[in-house]
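Quantities reported herein were computed from a predicted structural model and do not represent experimental measurements. Throughout, residue positions are numbered sequentially from 1 according to the sequence presented.
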Amino acid sequence: MNKRPGNWWLAMVLTSTMCAMLGASFAAIPLYRVFCAVTGYGGTPQIGPAESPGATTGTITVRFNADVNPNLPWQFAPEQPQVTLKLGDQQVAFYTARNEAATPVTGIALYNVTPDKIGRYFHKTACFCFNQQTLAPGQQMEFPVSFWVDPAIASDPSTADVHVITLSYTFFRTLADAAKTGALAKAGPHVGPYTGPVATR
(Lines give C-alpha, C1' and ligand atoms only; values in the text may rest on other atoms or scores of the structure.)
Protein backbone atom coordinates (compact mmCIF):
# COMPACT_ATOMS: atom_id res chain seq x y z
CA MET A 1 0.00 0.00 0.00
CA ASN A 2 1.39 3.40 -1.04
CA LYS A 3 1.22 6.04 1.72
CA ARG A 4 3.26 8.68 -0.10
CA PRO A 5 0.29 10.89 -1.22
CA GLY A 6 -0.97 11.11 2.38
CA ASN A 7 2.52 11.93 3.65
CA TRP A 8 2.91 14.61 0.99
CA TRP A 9 -0.36 16.30 2.01
CA LEU A 10 0.62 16.15 5.69
CA ALA A 11 3.98 17.75 4.91
CA MET A 12 2.26 20.50 2.92
CA VAL A 13 -0.18 21.24 5.77
CA LEU A 14 2.62 21.37 8.34
CA THR A 15 4.77 23.61 6.11
CA SER A 16 1.86 25.99 5.46
CA THR A 17 1.08 26.17 9.18
CA MET A 18 4.71 26.95 10.04
CA CYS A 19 4.88 29.68 7.37
CA ALA A 20 1.66 31.24 8.68
CA MET A 21 2.97 31.23 12.25
CA LEU A 22 6.27 32.78 11.15
CA GLY A 23 4.45 35.50 9.23
CA ALA A 24 2.21 36.23 12.20
CA SER A 25 5.23 36.65 14.48
CA PHE A 26 6.78 39.23 12.14
CA ALA A 27 3.45 41.07 11.88
CA ALA A 28 2.83 41.13 15.63
CA ILE A 29 4.85 44.25 16.46
CA PRO A 30 3.51 46.43 13.59
CA LEU A 31 -0.06 45.31 14.34
CA TYR A 32 0.43 46.05 18.04
CA ARG A 33 1.68 49.56 17.17
CA VAL A 34 -1.34 50.19 14.91
CA PHE A 35 -3.66 49.00 17.69
CA CYS A 36 -1.96 51.34 20.19
CA ALA A 37 -2.12 54.28 17.80
CA VAL A 38 -5.86 53.80 17.22
CA THR A 39 -6.89 53.15 20.80
CA GLY A 40 -4.28 55.04 22.83
CA TYR A 41 -3.38 51.76 24.54
CA GLY A 42 0.00 51.63 26.25
CA GLY A 43 0.26 55.41 26.47
CA THR A 44 0.42 55.88 22.71
CA PRO A 45 -0.75 59.42 21.91
CA GLN A 46 -3.24 60.12 19.17
CA ILE A 47 -1.47 61.69 16.21
CA GLY A 48 -2.31 63.31 12.92
CA PRO A 49 -3.54 66.55 11.40
CA ALA A 50 -6.57 66.94 13.70
CA GLU A 51 -6.82 70.55 14.82
CA SER A 52 -7.32 71.43 18.45
CA PRO A 53 -10.92 72.41 19.32
CA GLY A 54 -9.73 75.52 21.14
CA ALA A 55 -9.23 76.27 24.81
CA THR A 56 -11.85 75.27 27.37
CA THR A 57 -12.16 76.06 31.07
CA GLY A 58 -10.44 72.90 32.30
CA THR A 59 -6.66 72.71 32.72
CA ILE A 60 -4.04 69.99 32.96
CA THR A 61 -0.29 69.91 33.53
CA VAL A 62 2.07 68.29 31.01
CA ARG A 63 5.49 67.36 32.37
CA PHE A 64 8.41 66.92 29.96
CA ASN A 65 10.96 64.13 30.39
CA ALA A 66 14.16 63.51 28.43
CA ASP A 67 16.51 60.50 28.36
CA VAL A 68 19.54 59.51 26.30
CA ASN A 69 20.64 55.97 25.52
CA PRO A 70 24.20 55.32 26.82
CA ASN A 71 25.43 54.72 23.25
CA LEU A 72 24.69 58.33 22.27
CA PRO A 73 27.14 61.01 23.52
CA TRP A 74 24.52 63.77 23.79
CA GLN A 75 23.08 65.97 26.48
CA PHE A 76 19.29 66.16 26.08
CA ALA A 77 16.73 68.01 28.18
CA PRO A 78 13.39 69.85 27.99
CA GLU A 79 13.65 73.65 27.91
CA GLN A 80 11.02 73.82 30.64
CA PRO A 81 10.10 71.09 33.12
CA GLN A 82 6.34 71.39 32.66
CA VAL A 83 3.47 73.54 31.44
CA THR A 84 -0.11 73.95 32.62
CA LEU A 85 -2.46 74.40 29.69
CA LYS A 86 -6.15 74.66 29.01
CA LEU A 87 -7.80 71.52 27.68
CA GLY A 88 -8.18 71.74 23.90
CA ASP A 89 -5.52 74.44 23.54
CA GLN A 90 -2.68 73.86 21.06
CA GLN A 91 0.78 74.12 22.66
CA VAL A 92 4.39 74.05 21.44
CA ALA A 93 7.23 72.90 23.68
CA PHE A 94 10.96 72.60 23.01
CA TYR A 95 13.65 70.10 23.89
CA THR A 96 17.37 70.86 23.51
CA ALA A 97 20.14 68.44 22.52
CA ARG A 98 23.90 68.99 22.45
CA ASN A 99 26.53 66.73 20.89
CA GLU A 100 29.36 66.19 23.40
CA ALA A 101 31.51 64.16 20.99
CA ALA A 102 34.44 65.41 18.90
CA THR A 103 32.81 64.09 15.72
CA PRO A 104 29.36 64.47 14.11
CA VAL A 105 26.82 62.11 15.67
CA THR A 106 23.38 61.11 14.44
CA GLY A 107 20.54 60.28 16.81
CA ILE A 108 16.88 59.38 16.56
CA ALA A 109 14.18 59.92 19.18
CA LEU A 110 11.18 57.86 20.30
CA TYR A 111 8.39 58.99 22.62
CA ASN A 112 5.52 57.94 24.84
CA VAL A 113 3.11 59.43 27.37
CA THR A 114 2.08 58.32 30.86
CA PRO A 115 -0.11 57.36 32.57
CA ASP A 116 -1.01 54.86 29.85
CA LYS A 117 -4.75 55.42 30.12
CA ILE A 118 -4.55 59.00 28.81
CA GLY A 119 -2.96 58.08 25.47
CA ARG A 120 -6.29 58.44 23.65
CA TYR A 121 -6.67 62.02 24.88
CA PHE A 122 -3.17 63.29 24.13
CA HIS A 123 -2.97 64.56 20.54
CA LYS A 124 0.52 65.14 19.17
CA THR A 125 0.34 67.07 15.91
CA ALA A 126 4.05 67.47 15.08
CA CYS A 127 7.39 66.48 16.59
CA PHE A 128 10.99 65.44 15.93
CA CYS A 129 10.54 61.74 16.68
CA PHE A 130 11.61 59.11 14.13
CA ASN A 131 13.58 61.73 12.17
CA GLN A 132 17.34 61.25 12.15
CA GLN A 133 19.12 64.29 13.62
CA THR A 134 22.82 64.90 13.02
CA LEU A 135 24.70 67.30 15.28
CA ALA A 136 28.22 68.57 14.61
CA PRO A 137 30.78 68.46 17.45
CA GLY A 138 29.56 70.77 20.20
CA GLN A 139 26.44 71.75 18.26
CA GLN A 140 23.27 72.44 20.20
CA MET A 141 19.81 72.33 18.64
CA GLU A 142 16.24 72.91 19.71
CA PHE A 143 13.59 70.33 18.84
CA PRO A 144 9.92 71.38 18.99
CA VAL A 145 6.79 69.34 19.63
CA SER A 146 3.20 70.54 19.23
CA PHE A 147 0.27 68.94 21.05
CA TRP A 148 -3.12 69.40 22.68
CA VAL A 149 -5.14 67.48 25.27
CA ASP A 150 -8.70 66.48 24.41
CA PRO A 151 -11.30 68.16 26.68
CA ALA A 152 -13.10 64.79 26.78
CA ILE A 153 -10.53 63.67 29.33
CA ALA A 154 -12.44 65.74 31.93
CA SER A 155 -15.64 63.70 31.48
CA ASP A 156 -14.02 60.24 31.62
CA PRO A 157 -14.38 58.72 35.12
CA SER A 158 -11.29 56.57 34.56
CA THR A 159 -9.09 59.67 34.18
CA ALA A 160 -10.60 61.74 37.00
CA ASP A 161 -7.45 61.16 39.07
CA VAL A 162 -5.08 62.37 36.33
CA HIS A 163 -3.83 65.91 36.84
CA VAL A 164 -0.35 65.50 35.32
CA ILE A 165 0.61 63.92 31.99
CA THR A 166 4.26 63.05 31.31
CA LEU A 167 5.56 63.32 27.74
CA SER A 168 8.83 61.37 27.50
CA TYR A 169 11.41 61.36 24.71
CA THR A 170 14.47 59.14 24.50
CA PHE A 171 17.25 59.70 21.96
CA PHE A 172 19.06 56.63 20.59
CA ARG A 173 21.94 56.39 18.16
CA THR A 174 19.92 54.02 15.95
CA LEU A 175 16.55 52.30 15.85
CA ALA A 176 18.44 49.04 16.36
CA ASP A 177 19.58 50.35 19.75
CA ALA A 178 15.98 51.27 20.55
CA ALA A 179 14.82 47.79 19.55
CA LYS A 180 17.34 46.17 21.90
CA THR A 181 15.83 47.98 24.88
CA GLY A 182 12.24 47.19 23.86
CA ALA A 183 11.51 50.90 23.35
CA LEU A 184 10.84 50.58 19.61
CA ALA A 185 7.94 48.16 20.06
CA LYS A 186 6.28 50.45 22.63
CA ALA A 187 6.95 53.77 20.92
CA GLY A 188 4.27 56.00 19.49
CA PRO A 189 4.11 56.28 15.70
CA HIS A 190 5.71 58.95 13.55
CA VAL A 191 3.69 62.15 13.18
CA GLY A 192 5.86 64.40 11.03
CA PRO A 193 8.12 67.35 11.76
CA TYR A 194 7.12 70.66 13.22
CA THR A 195 7.14 73.40 10.58
CA GLY A 196 7.60 76.37 12.90
CA PRO A 197 10.93 78.01 13.82
CA VAL A 198 13.78 75.85 15.09
CA ALA A 199 16.78 77.60 16.62
CA THR A 200 20.24 76.20 15.88
CA ARG A 201 23.31 77.42 17.78
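Taken to the nearest 0.5 Å, the CG atom of N69 stands 10.0 Å off from the CG atom of D67. Separating the CD1 atom in I60 from the CG atom in D89 is a distance of 13.0 Å, to the nearest 0.5 Å. One distance of note links CD of Q80 with OH of Y95; it measures 10.0 Å at 0.5 Å rounding. Remark: Q139 CD to E100 CD distance equals 12.5 Å, nearest 0.5 Å. Rounding to the nearest 0.5 Å places NZ of K180 at 12.0 Å from CG of L175. To the nearest 0.5 angstrom, M141 atom CE is 12.5 Å from R98 atom CZ.
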How far apart are the C-alpha atoms of V68 and T170, what are their side-chain angles, what is the distance that settles it, and do they pass the side-chain contact (heavy atoms from CB on, under 4.5 Å) test?
-> CA-CA 5 Å; V68 180; T170 302; over 6 Å; no
Let me see the working for T96 and E79 under side chain to side chain donor-acceptor pair (under 3.5 Å), right down to the final yes or no.
-> CA-CA 6 Å; T96 300; E79 291 198 354; 2.7 Å; yes
Given the rule in the side-chain contact (heavy atoms from CB on, under 4.5 Å) test, do W74 and L135 qualify, once you have shown the distances and angles that lead to the verdict?
-> CA-CA 9 Å; W74 286 9; L135 300 183; 3.7 Å; yes
F172 and N71: side-chain contact (heavy atoms from CB on, under 4.5 Å), yes or no, with the steps?
-> CA-CA 7 Å; F172 297 86; N71 289 337; over 6 Å; no
What's the verdict on side-chain contact (heavy atoms from CB on, under 4.5 Å) for K124 and C129, showing C-alpha distance, side-chain angles and the deciding distance?
-> CA-CA 11 Å; K124 200 155 62 63; C129 54; 3.6 Å; yes
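Inspection of the T84 and T61 side chains reveals an N or O donor paired with an N or O acceptor under 3.5 Å. For the 3.5 Å distance criterion, the side chains of Q133 and N131 fail to qualify, holding no donor opposite an acceptor. Looking only at atom types and distance, the side chain of D156 has a donor-acceptor partner in the side chain of Y121 under 3.5 Å away. Residues Q90 and T125 have side chains that bring a donor and an acceptor to within less than 3.5 angstrom of each other.
What you find for I165 and F122 is that their closest heavy atoms are CG2-CD1, 4.0 Å. Of all heavy-atom pairs between V164 and R63, the closest is CG1-CB, 4.1 Å. Here the closest non-hydrogen pair linking W148 and G88 is CE3-CA, 4.2 Å. Considering every non-hydrogen atom in both R173 and P73, the closest pair reads NH2-CD, 3.3 Å. In terms of heavy-atom proximity, N99 sits nearest to A101 at OD1-N, 2.9 Å. Residue N65 comes nearest to T166 through the heavy atom pair CB-CG2, 4.0 Å, listed as atom of the first residue, atom of the second, then distance.
When side chains are defined from C-beta on, K117 counts as touching D161, because their heavy atoms get closer than 4.5 Å. Put simply, the side chain of T59 does not reach to within 4.5 Å of the side chain of L87, judged on heavy atoms.
Applying ring pair (Phe, Tyr, Trp, His ring centres under 6.0 Å) to Y169 and the options F64, F76, F128 leaves one that passes, F128.
A ring-centre distance under 6.0 Å is not found for F130 and Y111. Centroid-to-centroid, the aromatic rings of F143 and F94 stay 6.0 Å apart or farther.
T159 places no side-chain N or O within donor-acceptor distance of the main-chain N or O of V162, the cut-off being under 3.5 Å. For S146 (side chain) and A126 (main-chain N/O), a donor-acceptor pair under 3.5 Å exists by modelled atom type. When atom types are taken as modelled, the side chain of T114 and the backbone of D116 share no donor-acceptor pair closer than 3.5 angstrom.
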